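Here's the structure we're looking at; comments come further down.
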There are 2 protein chains.
Amino acid sequence: MTSHDPGAKIISIPTLKAACQECSLNGICLSLGLGEADMKSLAGAIKSRRRLKKGEYVSRMGDPFRALYAISSGSTKTCEIAADGGVQITAFHLPGELLGLDAISAERYPSDIVALETTDLCELPFERLEALALEVPGLQHQLFRIMSREVLEEEKLLLMLGRMSAEERLAAFLLNFSKRHQQLGSSPTELRLPMSRQDLGDYLGLALETVSRLFSRFQEEGLIRVQGRQIKLHNLAKLREVTQHLPASPAARA
Amino acid sequence: MTSHDPGAKIISIPTLKAACQECSLNGICLSLGLGEADMKSLAGAIKSRRRLKKGEYVSRMGDPFRALYAISSGSTKTCEIAADGGVQITAFHLPGELLGLDAISAERYPSDIVALETTDLCELPFERLEALALEVPGLQHQLFRIMSREVLEEEKLLLMLGRMSAEERLAAFLLNFSKRHQQLGSSPTELRLPMSRQDLGDYLGLALETVSRLFSRFQEEGLIRVQGRQIKLHNLAKLREVTQHLPASPAARA
DNA sequence: CGGGATTTTGAGCAGTGTCAAAATAGGTGG
DNA sequence: CCACCTATTTTGACACTGCTCAAAATCCCG
């Protein structure tokens with residue numbers, strides 16, 4: 001996570017802010033790892049910005065794919081919907097993250113993307129982005145990395161859904177959310193969850209009642225304090241322990 | 001899935017075979033959607049081929065990332081391993097598919113990749129591939145599509161693990177495997193599974209005993225015939241029905 | 001301040017996991 | 001080529017996690 005393309009130069013956050021001000025991403029999003037000149041090209045590729053209110057859609061399943069979206073502020077959920085209406089949320093996205101990567105291959109959105117709160121997006125028309133990636137070597141590499149990272153994140157979720165107990169899943173989620181908040185400059189222990197218990201259940205593969213009971217239990221055990229969607233993490237170390245109490249399973253063989 | 005980059009030209013399978021013969025991929029792998037000249041460049045990027053026996057590793061978790069691998073023949077499993085030894089298989093890969101996409105971002109392999117049977121691979125050094133993708137527009141687009149597709153596949157698995165019952169998962173797996181076999185030119189109803197019941201359980205998030213019981217049940221119900229790893233699908237339509245008997249869950253809201 | 005949505009809590013049950021053991025398959029050496 | 005040994009698969013009994021249904025409490029928005 002700290003190594004880089006040989007040619008890519010890392011520039012300071014203030015510089016990034018200046019160059020990326022047009023999309024107010026505060027130097028997060030794609031910009032990381034690109035030079036200043038490259039970022040100006042990138043700014044040229046940004047078509048427009050959109051502000052969505054809570055509950056509005058970034059995309060609906062089946063929509064034609066034309067652009068990726070970078071979250072400037074706010075948050076979203078990505079909902080995969082089964083034939084019969086079963087919902088699986090495959091990701092919650094925070095500022096600086098890229099939406100729509102799963103739509104490139106079929107040129108259609110395979111999922112609904114919904115704003116969890118008031119959310120600002122930068123629209124990055126994909127054709128222009130691809131053309132730019134041919135000019136700017138660092139950008140191509142950056143895009144590969146971002147897509148690879150998305151694969152990785154989903155693999156972590158697969159591990160959670162396939163092999164972890166309910167309490168392990170919620171603990172893992174809280175730690176992950178905490179880390180991402182910290183990387184955005186917020187407190188890692190004072191969380192304001194933008195999603196409902198239902199959403200959390202649809203993400204973790206649990207019933208909303210189970211999620212709610214676990215919050216109560218974690219609170220009784222002194223791990224966290226719960227006030228609706230406001231969560232205070234009292235003991236990160238113990239949460240990490242909870243994460244690892246899987247019942248074990250045999251190792252890889254052919 | 002049938003639309004393409006405006007500039008990309010689709011060439012015939014025999015032509016592909018000729019151009020790709022060096023890696024015996026029979027025109028599957030990356031080549032799809034690239035012109036003949038582009039494929040020659042691609043051939044130049046192939047460093048070498050490897051033959052693995054059953055149980056040998058393509059990569060181990062933590063290995064430094066240098067190359068992607070295309071499967072020429074055989075099959076692999078990709079195993080995510082939790083801190084305490086819990087295993088989640090995140091993918092089974094068949095000929096023509098690309099391994100290692102999740103290793104690009106951290107420049108390390110996050111998972112073990114193991115051959116399920118004798119398997120031939122083409123090694124594609126990633127730096128060379130990236131350089132080539134800057135020269136060959138179709139290749140960059142192709143790589144984006146392949147990575148996007150990987151994200152999509154994992155999202156389908158997430159839906160299975162998070163929202164489907166055991167029998168729905170196994171039915172969905174059989175249908176998916178059937179479709180991929182068909183795309184490789186094999187029978188969609190006569191399957192030879194290269195993986196153990198244990199592997200299947202580690203993929204579907206089930207105990208191996210549950211997988212075994214389901215095979216028996218499906219057989220009793222006349223859906224399939226089971227002879228160890230040799231599976232005959234008798235009724236694809238009914239398998240599809242089984243797939244969709246989820247107990248439903250509320251739709252998306254903010 | 002009122003009303004719908006969300007969250008919490010309870011009780012009972014079903015689907016899967018766990019443990020255990022028998023049956024079968026597959027590979028190896030004599 | 002057969003016999004043996006091991007790994008894999010099947011089957012059974014039972015326990016437990018997490019789901020379902022239900023209702024009360026709380027929150028949030030207009």
Side-chain angles (χ1 to χ4, degrees), chain A residues 53-55 77 86-88 116-118 160-171 192-220 224-231 242 245-254, chain B residues 53-55 77 86-88 116-118 160-171 192-220 224-231 242 245-254:
Chain A
K53 285 184 291 212
K54 180 176 170 174
K77 62 177 175 182
V87 174
Q88 174 65 40
L116 292 170
E117 59 196 313
T118 300
M160 283 174 57
L161 295 186
R163 287 296 159 208
M164 286 181 161
S165 70
E167 73 174 21
E168 287 158 2
R169 293 183 207 183
L170 184 60
R192 192 196 93 273
L193 303 181
M195 72 293 284
S196 69
R197 302 291 191 257
Q198 174 73 249
D199 287 337
L200 230 27
D202 288 344
Y203 178 70
L204 298 173
L206 301 171
L208 72 297
E209 295 96 326
T210 303
V211 174
S212 178
R213 275 184 251 271
L214 286 170
F215 273 123
S216 300
R217 174 135 57 94
F218 283 178
Q219 181 164 243
E220 283 164 26
I224 65 178
R225 191 171 54 122
V226 182
Q227 288 179 294
R229 298 188 181 184
Q230 190 73 32
I231 311 288
V242 171
H245 283 329
L246 326 201
S249 131
R253 57 193 152 308
Chain B
K53 285 183 291 211
K54 178 175 171 176
K77 61 178 175 181
V87 174
Q88 175 65 40
L116 292 170
E117 59 196 313
T118 301
M160 282 173 57
L161 296 187
R163 287 297 158 208
M164 287 182 160
S165 70
E167 74 174 21
E168 287 157 3
R169 293 183 207 182
L170 184 60
R192 193 196 90 270
L193 303 182
M195 72 293 283
S196 68
R197 302 290 192 258
Q198 174 72 250
D199 287 337
L200 230 26
D202 287 344
Y203 178 70
L204 298 173
L206 301 170
L208 73 293
E209 295 95 327
T210 303
V211 174
S212 178
R213 275 184 251 270
L214 287 169
F215 272 122
S216 301
R217 175 133 57 94
F218 283 178
Q219 181 165 242
E220 283 164 26
I224 65 178
R225 191 171 54 124
V226 182
Q227 288 178 293
R229 297 187 181 184
Q230 190 73 32
I231 311 288
V242 171
H245 283 329
L246 327 199
S249 132
R253 57 193 153 305

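Within every chain, numbering begins at 1; the chains are lettered A, B, ... in the order of the sequence lines, protein sequences first and strands thereafter. All of these numbers come straight from a predicted model, not from anything done at the bench.
Rounded to whole Å, the distance from CD1 on B:Ile231 to C1' on D:dT8 is 14 Å. Atom C1' of nucleotide D:dG18 and atom CG of A:Leu204 are separated by 13 Å, given to the nearest angstrom. Atom-to-atom, CG of B:Leu193 to C1' of C:dA25 comes out at 15 Å; the value is rounded to the nearest Å. Between the CD atom of B:Gln230 and the P atom of D:dT9 there is a distance of 13 Å, given to the nearest Å. Here the P atom of nucleotide C:dG27 and the CZ atom of B:Arg229 are 9 Å apart, to the nearest Å. The nearest whole Å value for the distance from the CZ atom in B:Phe215 to the P atom in D:dT8 is 16 Å. One can place CD of A:Glu168 at 12 Å from C1' of D:dT17, the figure rounded to the nearest angstrom. Between B:Leu161 atom CG and C:dG17 atom P the separation is 11 Å, expressed in whole Å.
A distance of 10.5 Å separates CG of B:Leu193 from CG of B:Leu116, quoted to the nearest 0.5 Å. A:Thr118 OG1 to A:Lys53 NZ: the interatomic distance, rounded to the nearest 0.5 Å, is 8.0 Å.
Nearest heavy-atom pair, B:Phe218 versus B:Val242, reported as atom, atom and distance to 0.1 Å: CZ-CG1, 4.3 Å. When all heavy atoms are compared, the tightest approach of B:Gln88 to B:Asp202 is NE2-O, 3.1 Å. Across A:Arg163 and A:Glu168, no two heavy atoms sit closer than the pair O-OE1, 4.3 Å. Scanning both residues, B:Arg229 and B:Pro194, for their nearest heavy atoms gives NH1-O, 3.4 Å. Residue B:Leu161 comes nearest to B:Arg169 through the heavy atom pair O-NH2, 3.3 Å, listed as atom of the first residue, atom of the second, then distance. Residues A:Phe215 and A:Ile231 approach most closely at CE2-CD1, 3.6 Å, considering heavy atoms.
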Practice prompt. Begin with the C-alpha distance, continue with both residues' side-chain angles, and end with the deciding distance and a verdict on side-chain contact (heavy atoms from CB on, under 4.5 Å) for A:Lys77 and A:Met195.
Written response: CA-CA 8 Å; A:Lys77 62 177 175 182; A:Met195 72 293 284; over 6 Å; no

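Residues A:Gly228 and A:Arg169 both approach DNA chain D. Their nearest nucleotides, taken by heavy-atom distance, put A:Arg169 toward the 5′ side.
Residues of residues 205-213 of chain B having a heavy atom closer than 4.0 Å to DNA chain C, listed by number: B:Gly205, B:Leu206, B:Ala207, B:Glu209, B:Thr210, B:Arg213.
A close approach under 4.0 Å does not occur between any side-chain nitrogen or oxygen of A:Ser196 and OP1 or OP2 of C:dA5.
With a 3.5 Å limit on both pairing distances and Watson-Crick or G-U wobble geometry required, the stems of 3 or more pairs in DNA chain C span C:1-30 with D:1-30.
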